[in-house]
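Below: the structure, in structure tokens.
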Amino acid sequence: MRNKEVAQKFYELAALSELAGENAFRVRAYQQAAQAIENLPFPIEDLADKEQLTSIKGIGKSIAEKIVQYLHTGRIDKLEELKKKVPESLLEIERVPGLGAKRAKILYEKLGIKTVEELKKAAEEKKIRVLPGFGEKTEQKIIKGLSEMRNKRIERVSIGIALPLAESIVQELKLHSPVEKIEICGSIRRMKPTIGDIDILVVSNKPEAVMDKFASLDVVKSIIVKGKTKTSILTYENLQVDLRVVQKESFGAAVQYFTGSKQHNIKIRELAMKKNLKVNEYGVFDLDTNKRIAGETEESVYEVLGLQWIPPEMREDTGEIEVAKMHKLPRLIELKDIKGDIHMHTVYSDGANTVLEMAQRAKQLGRKYIAISDHAKALGIANGLSIERYKKEKKEIEMVNKKLAPFRIFLSTELNILSDGSLDFPDSELTLFDICLAGIHTGMNQSKEKMTERTIKAMSHRAVRVIVHPTGAVINGRSGYELDIDRVFEAGRRFGTAFEINAAPERLDLNEINARKAKEQYGLKLEIGTDSHSVESLVNMRYGVGVARRAWLTKEDVINALSLKEFEKFIHKKIID
DNA sequence: GCCGTTTTCGGCCCGACTGTTTTCAGTCG
């Protein structure tokens, strides 16, 4: 699958075209094509082979040709031409705050500046202020921007960090400042696995007091700007938090606007235009009368556009607007639909808490059942269990079950899919377990063919019901095993295997694209598990549910949303038949 | 360069802010 790689080329093409001063709409076309390719749920090579690239929205004849050329030859003529016209290193100059394509171009043409080093030198020698469209302030801003770039973080922050931080800020403001309404927006509200910055909206009759409180919170490392309607701060995690005060009658429109995604909002505004309406962060306006016709609530914004209210997690312009037009959006799974958590560890292997402690906390969180799935013996590093130790654990579970009934604990195991696809124990011994999970923990660098084969072989064991963290991807870390996910899903359909959405915020694997594909293209069931190694992580379920919602899943798609009774039926099915 | 329940040509999302101008371009989200 080369989608990411191809998309990258078109982002590059867009950026260089812009620097070369090409038609702005062509630049946008390249960007949109890049985004469309990035979000494809299947390899772009497949469509290229079938000569159906233009069936993708945003890809026409010209871009299709470029894709084909790139896939076959590894190059795009147009891109090479552009590179001759404008140095690639200008892309870095564009990233300096305050500079964009236009100014980078002027700097290059008038002063021959190609690198950030040259830029710094020219700014310090006061050579920039005399250029057309530049001035002393811009020059100062460049110098400041260059020094800030150096200590700026490069990666986005995990939602596991950003969401609790945002919640604590909201909590403080609610308790200690005069807020009437408050809402976390942006990518956090959409439950994206990684977050660039935090956006919070507030309605208040004393905005200054809210701003003052916000700017003096303990989490604030520095204040970026503090104005009447907007204050931006930097936290110690180097995360920017923007707080905006809006009018009550515009709150819904502002929440909609600042929730995004950008692509979703562009589509929304295009749709509005066709209806002779205008959507902005203040409301929806009739273009003839210039009157506001909606905006106090988010629902009203969607309603006047003839749309069903769209859950934030779906707002990525991947078809949600079209479905909302027909009022046929699925009823997405919610945290409260989750009845069990079947992936967690105890002190028996590498966990920090006992069976009883894990069970009590899970029960407190509203789960009706859990499965303890300690590591199996091949994972020595995690104190993996022998069959004898699992038998001991089983006795303990039986005792705790009596104590906590009707809450129910199942004995599970996280088996290792060994390098040849075999498991830690022979099938005859796997009957000890109520349900078996299996995952790859070693030999992650095998070829795509081998990784795919061993995963499928593991799935063929009748006791194995769930493949955990199926692609091995880690957020901001490794990108996942080489794996033919389509073959794995196809086999999953044959064997009745469920696939995990690992809810640990550093994993979130399957991701939304694969989870959605598993459901829509293969009709598979998913499992959402916290993979908890302590009682504290059991609350991570919400991140997994976030991914599930981004994948358009309903509670019917998720096995641990089954009631205790139904779940028991599920786990016995394969072993008995 | 793409696209069409008004269009195969003429459009293509919106507003704030800043700094540079003397009415606006560039950048940003």
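The pair A:Lys248-A:Glu180 counts as a salt bridge, with a side-chain nitrogen and a carboxylate oxygen less than 4.0 angstrom apart. Under the 4.0 Å criterion applied to side-chain N and carboxylate O atoms, A:Glu270 and A:Lys267 are not assigned as salt-bridge partners. Salt bridge present: A:Glu316 and A:Arg550 bring a charged side-chain N and a carboxylate O closer than 4.0 Å.
For A:Arg26, whose side chain is taken as the heavy atoms from C-beta onward, the closest listed nucleotide among B:dG1, B:dC17, B:dC12 is B:dG1.
When rounded to the nearest whole Å, the span between CD of A:Glu18 and C1' of B:dG1 equals 15 Å. Between the P atom of B:dT18 and the CD atom of A:Glu136 lies a distance of 18 Å, rounded to the nearest Å. In this structure, A:Arg244 places its CZ atom 7 Å from C1' of B:dG29, rounding to the nearest Å. The distance between atom CD1 of A:Ile67 and atom C1' of B:dG1, rounded to the nearest whole Å, is 12 Å. Between A:Arg95 atom CZ and B:dT27 atom P there is a gap of 15 Å when expressed in whole angstrom units. Rounded to whole Å, atom P of B:dT18 lies 12 Å from atom NZ of A:Lys144. Taking atom NZ of A:Lys141 as the reference point, atom C1' of B:dG19 lies 9 Å away to the nearest angstrom. Atom CZ of A:Arg28 is separated from atom P of B:dG10 by 19 Å (rounded to the nearest Å).
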Can you check nucleotides 2-8 of chain B for protein contacts, nitrogen or oxygen pairs under 3.5 Å, and list what you find?
from  : atom 1 : to      : atom 2 : distance (Å)
B:dC2 : OP1    : A:Gly60 : N      : 2.7
B:dC2 : OP1    : A:Gly60 : O      : 3.3
B:dC2 : OP1    : A:Ile63 : N      : 3.1
B:dC3 : OP1    : A:Gly58 : N      : 2.7

Contact list (N/O, under 3.5 angstrom) for nucleotides 24-26 of chain B vs protein:
none

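For the C1' atoms, the distance linking B:dT22 with B:dT18 amounts to 16 Å, nearest Å. Rounded to whole Å, the separation between the P atoms of B:dG11 and B:dA16 comes to 25 Å. Separating the C1' atom of B:dT23 from that of B:dG29 is a span of 24 Å, rounded to the nearest Å. The same atom, C1', is picked in B:dG1 and in B:dT5; the two are 24 Å apart, to the nearest Å. Taking the C1' atom of each, B:dG26 and B:dT20 are spaced 10 Å apart, rounded to whole Å. Between the P atoms of B:dG15 and B:dG10, the separation comes to 26 Å (whole Å). With P as the reference atom, B:dT6 and B:dC2 are 23 Å apart, rounded to whole Å. Comparing B:dC9 with B:dC17, their C1' atoms sit 35 Å apart, to the nearest whole Å.
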Item to complete: Starting from the C-alpha separation in whole Å, work towards a yes-or-no answer on side-chain hydrogen bond (donor to acceptor under 3.5 Å, both in side chains) for A:Asn290 and A:Lys278.
Response: CA-CA 9 Å; A:Asn290 220 13; A:Lys278 183 177 71 172; 4.8 Å; no

Discussion item. If you apply the rule side-chain hydrogen bond (donor to acceptor under 3.5 Å, both in side chains), what do you find for A:Thr530 with A:Asn540, and how did you get there?
Written reply: CA-CA 6 Å; A:Thr530 60; A:Asn540 287 345; over 6 Å; no

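Map A:Thr229 and A:Asn23 each onto its nearest nucleotide of DNA chain B; the residue landing nearer the 5' end is A:Asn23.
In terms of modelled atom types and a separation under 3.5 Å, the side chain of A:Arg516 and the main chain of A:Trp552 share no donor-acceptor contact.
Nucleic acid contact for A:Asn265: none, since no nucleic acid atom lies under 4.0 Å from a heavy atom of the residue. Nucleic acid contact for A:Gln32: none, since no nucleic acid atom lies under 4.0 Å from a heavy atom of the residue. In this structure, A:Lys275 reaches neither bases nor backbone, as no heavy-atom distance under 4.0 Å exists between it and the strands shown.
Residues A:Arg190 and A:Ser261 form a side-chain contact, since some pair of their non-hydrogen atoms from C-beta on lies under 4.5 Å apart. In this structure the side chain of A:Val157 never reaches within 4.5 angstrom of the side chain of A:Thr194, judged on heavy atoms. Contact check for A:Arg75 versus A:Asp77: side-chain heavy atoms found under the 4.5 Å cut-off. Annotation: side chain of A:Ile233 is not in contact with side chain of A:Ser222 (no heavy-atom distance under 4.5 Å). No side-chain heavy atom of A:Asp509 sits less than 4.5 Å from a side-chain heavy atom of A:Val547. Between A:Tyr30 and A:Glu12, every side-chain heavy-atom pair lies at or beyond the 4.5 Å cut-off. The side-chain heavy atoms of A:Gln35 and A:Gln263, taken from C-beta on, include a pair separated by under 4.5 Å. Put simply, the side chain of A:Leu119 reaches to within 4.5 Å of the side chain of A:Ile142, judged on heavy atoms.
Shown for residues 84-93 of chain A: no residue has heavy atoms falling under 4.0 angstrom of DNA chain B. Within residues 278-292 of chain A, the residues having any heavy atom closer than 4.0 Å to DNA chain B are, in order of number, A:Lys278, A:Val279, A:Asn280, A:Glu281, A:Tyr282. Listed by residue number, the members of residues 307-327 of chain A with any heavy atom below 4.0 angstrom from DNA chain B form an empty set. Scanning residues 251-262 of chain A for heavy-atom distances under 4.0 Å to DNA chain B yields A:Tyr257, A:Lys262.
Phosphate proximity of B:dT20 to A:Thr138: present, with a side-chain N or O under 4.0 Å from OP1 or OP2. For A:Lys230, no side-chain nitrogen or oxygen approaches OP1 or OP2 of B:dC17 to under 4.0 Å.
A:Thr318 and A:Asn39 share no donor-acceptor pair across their side chains, judged by distance under 3.5 Å alone.
Atom-to-atom distance recorded for A:Gln32:CD and A:Phe25:CZ is 10.5 Å, nearest 0.5 angstrom. Note: A:Lys78 NZ to A:Ser17 OG = 5.5 Å, rounded to the nearest 0.5 Å. Rounding to the nearest 0.5 angstrom, the gap separating the NZ atom in A:Lys517 from the CG atom in A:Asn511 is 10.0 Å.
Cation-pi check for A:Arg292 over A:Tyr282 is not met; the charged atom does not lie both under 6.0 angstrom from the ring centroid and within 45 degrees of its normal.
Partner of A:Glu313 under the side-chain hydrogen bond (donor to acceptor under 3.5 Å, both in side chains) criterion, out of A:Arg549, A:Lys192, A:Arg189: A:Arg549 alone. Partner of A:Lys121 under the salt bridge (charged side-chain N to carboxylate O under 4.0 Å, His left out) criterion, chosen from A:Glu117, A:Glu125, A:Glu118, A:Glu124: A:Glu125.
Glycosidic conformation, B:dT7: syn, with the torsion inside 90° of 0.
Base pairing annotation: B:dT8 forms no Watson-Crick or G-U wobble pair, as no partner gives both donor-acceptor distances under 3.5 Å.
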